[in-house]
Protein chains: 2
Amino acid sequence: MKPTLARGLDEASLQDLADLFQHLSDPRRLRLLLILSKGEHAVGELSAALGVTISAVSHQLQTLRQARLVACRREGKRILYHLDDVHVEQLVRMGREHVEE
Amino acid sequence: MKPTLARGLDEASLQDLADLFQHLSDPRRLRLLLILSKGEHAVGELSAALGVTISAVSHQLQTLRQARLVACRREGKRILYHLDDVHVEQLVRMGREHVEE
DNA sequence: CAGACACTTGAATACTTGTTCAAATGTTAA
DNA sequence: TTAACATTTGAACAAGTATTCAAGTGTCTG
């Protein structure tokens, strides 16, 4: 096995890591992130694409934003969201490999 | 916007993927998996190492077992658990990179 | 400036998940 | 077979999370 894996992981880091996975643990959020992995989109577009209310998407986006997984910029009336993390796509891709086996 | 945005991942796969991350989204389970990544252990040992009741660990193990992240074998009275998934360590390591930045 | 549009926010409710406790299963040894 | 040990299981409760609804902020257009 790999002894290096657990070394240097204190409770706080473990909590942070768990939090990261927590954000990836919902199919709607995952879909959201997959969509954003292809380019930035406004809240209304995401709402339509996911089939949930604008408010619900907005709440999810705030959560993802606090976790620094997404970021946004205003363009006129609209607010465009995009991925803000290089690891997210990797994580999703890796998880996908697992699931597809 | 359109379904093509999320092309390549149907709802079922997305749910599976979310489920996988869900199992990694708790610090105790993560610690559990880290311990098992170093070798197999009995339920009682895990309970002691994690500081939670045997029952609680057992419940967590059942969940992880259904997700095929761990497997077990009986040895006398004891039941020894071990990791049953190659991707788990990779996922944890990758998540760690993210957290440690 | 008024009104429409795009989105955010807060509080309440509804849903999910985890833990506990007690009872049940399986194993070994006397 | 009985007793002790190791673990599992199910139901109930507690804690955490998500969604909704209604009200609020910020931005553009006429």
Side-chain angles (χ1 to χ4, degrees), chain A residues 11-12 14-33 35-36 39-82 84, chain B residues 1 11 14-36 39-84:
Chain A
E11 281 308 316
L14 212 57
Q15 183 66 60
D16 288 346
L17 186 48
D19 287 345
L20 169 62
F21 286 127
Q22 172 72 48
H23 288 110
L24 300 173
S25 71
D26 179 84
R28 277 162 290 241
R29 270 193 306 264
L30 227 35
R31 173 81 70 196
L32 191 62
L33 292 170
I35 291 174
L36 291 181
E40 63 180 3
H41 288 281
V43 181
E45 294 169 357
L46 295 170
S47 163
L50 298 167
V52 302
T53 68
I54 290 189
S55 181
V57 174
S58 182
H59 276 297
Q60 290 176 334
L61 286 168
Q62 295 324 302
T63 310
L64 292 171
R65 205 151 75 85
Q66 285 178 353
R68 322 187 119 257
L69 296 180
V70 305
C72 60
R73 67 187 183 88
R74 184 177 273 280
E75 192 189 61
K77 299 177 200 171
R78 311 196 313 158
I79 297 184
L80 299 173
Y81 279 83
H82 55 91
D84 190 31
Chain B
M1 235 169 175
E11 281 307 318
L14 212 59
Q15 183 66 61
D16 288 346
L17 186 48
D19 287 345
L20 169 60
F21 286 128
Q22 171 72 52
H23 290 109
L24 300 174
S25 71
D26 179 85
R28 276 161 292 237
R29 270 194 305 266
L30 228 35
R31 176 77 71 195
L32 191 62
L33 293 170
L34 285 170
I35 291 175
L36 291 182
E40 62 180 4
H41 287 282
V43 181
E45 293 169 358
L46 295 170
S47 163
L50 297 166
V52 301
T53 68
I54 291 188
S55 181
V57 175
S58 182
H59 275 298
Q60 289 176 335
L61 287 168
Q62 295 324 300
T63 312
L64 292 172
R65 205 151 74 86
Q66 286 177 353
R68 324 183 108 248
L69 296 180
V70 305
C72 61
R73 68 186 181 89
R74 184 178 273 278
E75 191 189 62
K77 299 179 198 169
R78 311 195 314 157
I79 298 184
L80 300 173
Y81 278 82
H82 56 91
L83 285 196
D84 189 32

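Chain A is the first sequence line, chain B the second, and so forth, proteins listed ahead of strands; every chain is numbered from 1.
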With heavy atoms under 4.0 Å as the rule, sort B:Ile79 into base, sugar-phosphate or nothing.
sugar-phosphate

Using only atom types and a distance under 3.5 Å, with no angle test, would you say the side chain of B:Arg29 pairs donor to acceptor with the backbone of B:His23?
yes

Any donor-acceptor pair under 3.5 Å from B:Ser25 side chain to B:Gln22 backbone:
yes

Do A:Leu24 and B:Leu17 have side-chain heavy atoms sitting under 4.5 Å apart?
no

Are any non-hydrogen side-chain atoms of B:Leu69 and B:Leu83 less than 4.5 angstrom apart?
no

For nucleotides 11-18 of chain D, which of its nitrogen or oxygen atoms have a protein nitrogen or oxygen under 3.5 Å away, and what is each distance?
unit_1: D:dA18; atom_1: OP1; unit_2: A:Arg29; atom_2: NH1; d: 2.4
unit_1: D:dA18; atom_1: OP1; unit_2: A:Arg29; atom_2: NH2; d: 3.3

Euclidean distance, atom [atom1] of residue [X] to atom [atom2] of [N] [Å, nearest integer]:
X	N	atom1	atom2	value
A:Arg73	D:dT27	CZ	C1'	15 Å
B:Glu45	D:dA6	CD	C1'	12 Å
A:Ile54	D:dG26	CD1	P	18 Å
B:Gln62	C:dT19	CD	P	14 Å
B:His23	C:dT16	NE2	P	15 Å

Give me the distances for all protein-to-nucleotides 22-30 of chain C N/O pairs that come in under 3.5 Å?
none

Partner residues of B:Gln15 under the side chain to side chain donor-acceptor pair (under 3.5 Å) criterion, sequence neighbours left out:
B:Asp19

Are B:Tyr81 and D:dT8 close enough that a side-chain N or O sits under 4.0 Å from OP1 or OP2?
yes

Can you tell me if B:Thr53 touches the phosphate of C:dT20, counting only side-chain N or O atoms and a distance under 4.0 Å to OP1 or OP2?
yes

Set of side chain to side chain contact (heavy atoms under 4.5 Å, CB included) partners for A:Arg28, sequence neighbours left out:
A:Asp26, A:Val52, A:Gln60

Non-neighbouring partners of B:Ala71 that pass side chain to side chain contact (heavy atoms under 4.5 Å, CB included), sequence neighbours left out
B:His82, B:Asp84

Contact list for residues 39-49 of chain B, test side-chain hydrogen bond (donor to acceptor under 3.5 Å, both in side chains), sequence neighbours left out
B:Glu40-B:Arg73, B:His41-B:Glu45, B:Glu45-B:Arg78

